[in-house]
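Note that the structure is a prediction, hence the values are computed from the model and not measured. Quick note: numbers below take in every heavy atom, side chains included, and nothing from hydrogens, waters or symmetry partners.
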Amino acid sequence: NVVEEDVAFGPENLGVSSPEIRHRVNKALKQVGMYEYREHAPHLLSGGQKQRIAIAGVIAMEPKCIVLDEPTAMLDPRGRREVVETIGRLNREKGITVVLITHDMHLMLEYTPRAIVFHAGQVIADRSAAEVLNSPDIVEAAHLKETSLYHLSAMCGIGEPEEFTRRFIARDREVRK
């Protein structure tokens, strides 16, 4: 099988017509930057490319919301960046709501403007990622791992660990570009 067949699977099962499927598949592959790979065998792609193909398959079904569970797990830094940039672009440019489930606190700090924390089936926080990860009460209640940035700010006596975290993440992003 080839990439475009994988992406077409969802719309086919929704009963979408063949011409519309072709249109959706091409559009979705372009949206995730994988159009030129449409005739490639999926097993020959990198981890990040495979994840983007999976996202294209979901997009081809034209959802208003996508739920992604650990989408960057097992990816190298390049694949991770490809996936999160694709997700961000879909949200900004296409208005698709993205719910990202992750245990990667750096990913959360770097790419999510809003963090909703659940514990025992209840929402215990709905704030920015920096606010959540610099709130010891939320970190403890949700059994999250305190970040090294929080520990560093505490050790250095920085009075506003949330602002320190935001600035560090922004600078880290600048340096890596």
J.: Evaluate Y111 against I87 for side chain to side chain contact (heavy atoms under 4.5 Å, CB included), listing each step before the verdict.
T.: CA-CA 10 Å; Y111 293 103; I87 294 166; over 6 Å; no
J.: With clusters defined by side-chain heavy atoms of hydrophobic residues (ILVMFWY) lying less than 4.5 Å apart, directly or transitively, does V98 cluster with M108?
T.: no
J.: May I ask you to check whether over 12 heavy atoms, not counting those of E160, lie within 6.0 Å of atom CD?
T.: no
J.: Transitively linked via ILVMFWY side-chain contacts under 4.5 Å: V139 with V132?
T.: yes
J.: Please report the interatomic distance OG(S18) to NE2(H23), rounded to the nearest 0.5 Å.
T.: 14.5 Å
J.: Considering non-hydrogen atoms only, spot the tightest contact between A129 and T112 and give its length.
T.: CB-OG1, 3.8 Å
J.: Please report, to 0.1 Å, the donor-acceptor pairs under 3.5 Å made by any side chain of residues 25-41, with sequence neighbours excluded.
T.:
unit_1: N26; atom_1: ND2; unit_2: R22; atom_2: O; d: 3.4
unit_1: Y37; atom_1: OH; unit_2: Q49; atom_2: NE2; d: 3.4
unit_1: R38; atom_1: NH1; unit_2: Y35; atom_2: O; d: 3.0

J.: Would you give the length of the straight line joining atom CZ of F168 to atom CG of L149, rounded to the nearest 0.5 angstrom?
T.: 5.0 Å
J.: Testing the basics here: between A8 and P11, what is the closest heavy-atom pair and its distance to 0.1 Å?
T.: O-CD, 3.2 Å
J.: E162 and T165: side chain to side chain contact (heavy atoms under 4.5 Å, CB included), yes or no, with the steps?
T.: CA-CA 5 Å; E162 179 185 326; T165 299; 5.8 Å; no
J.: With respect to H106, which candidate in L133, D172, T147 satisfies the side-chain contact (heavy atoms from CB on, under 4.5 Å) definition?
T.: D172
J.: Drop me the distance from H119's NE2 to L144's CG, to the nearest 0.5 angstrom.
T.: 10.0 Å
J.: Are I158 and L152 joined in one hydrophobic group, where the rule is that I, L, V, M, F, W and Y side chains link up if heavy atoms are under 4.5 Å apart?
T.: yes
J.: With rounding to the nearest 0.5 angstrom, report the CZ to CG distance, R80 to L75.
T.: 9.5 Å
J.: For residues 55-71, dump all side-chain donor-acceptor pairs below 3.5 Å to protein atoms at least two apart in sequence or in another chain.
T.:
unit_1: E62; atom_1: OE1; unit_2: R24; atom_2: NH2; d: 3.4
unit_1: E62; atom_1: OE2; unit_2: R24; atom_2: NE; d: 3.4
unit_1: E70; atom_1: OE2; unit_2: H103; atom_2: N; d: 2.9
unit_1: E70; atom_1: OE2; unit_2: H103; atom_2: ND1; d: 2.6

J.: To check you understand the geometry: which heavy-atom pair defines the closest contact between S46 and E82, and what is its length?
T.: OG-OE1, 4.4 Å
J.: F118: which other cluster members, linking ILVMFWY side chains closer than 4.5 Å, directly or transitively?
T.: I116, V123
J.: Quick one: does V3's side chain get under 4.5 Å of L45's, heavy atoms only?
T.: yes
J.: Can you tell me if N91 uses its side chain to pair, donor with acceptor, with the backbone of T97 under 3.5 Å?
T.: no
J.: To the nearest 0.5 angstrom, please state how far the CD1 atom of I53 sits from the CD atom of E4.
T.: 10.5 Å
J.: Is there a continuous path of hydrophobic side-chain contacts, each under 4.5 Å between heavy atoms, that joins I169 to V84?
T.: no
J.: Within this structure, what is the CG-OG1 distance for the pair D104 and T72, rounded to the nearest 0.5 Å?
T.: 5.0 Å
J.: Should the pair E163-R167 be classified as a salt bridge under the 4.0 Å nitrogen-to-oxygen rule?
T.: yes
J.: Are F164 and M105 connected, step by step, through hydrophobic side chains (Ile, Leu, Val, Met, Phe, Trp, Tyr) whose heavy atoms are closer than 4.5 Å?
T.: yes
J.: Would you say the side-chain atoms of R166 and S128 include a donor-acceptor pair closer than 3.5 Å?
T.: yes
J.: Between S135 and R127, is the side chain to side chain contact (heavy atoms under 4.5 Å, CB included) condition met? List the steps.
T.: CA-CA 10 Å; S135 299; R127 303 179 187 168; 3.5 Å; yes
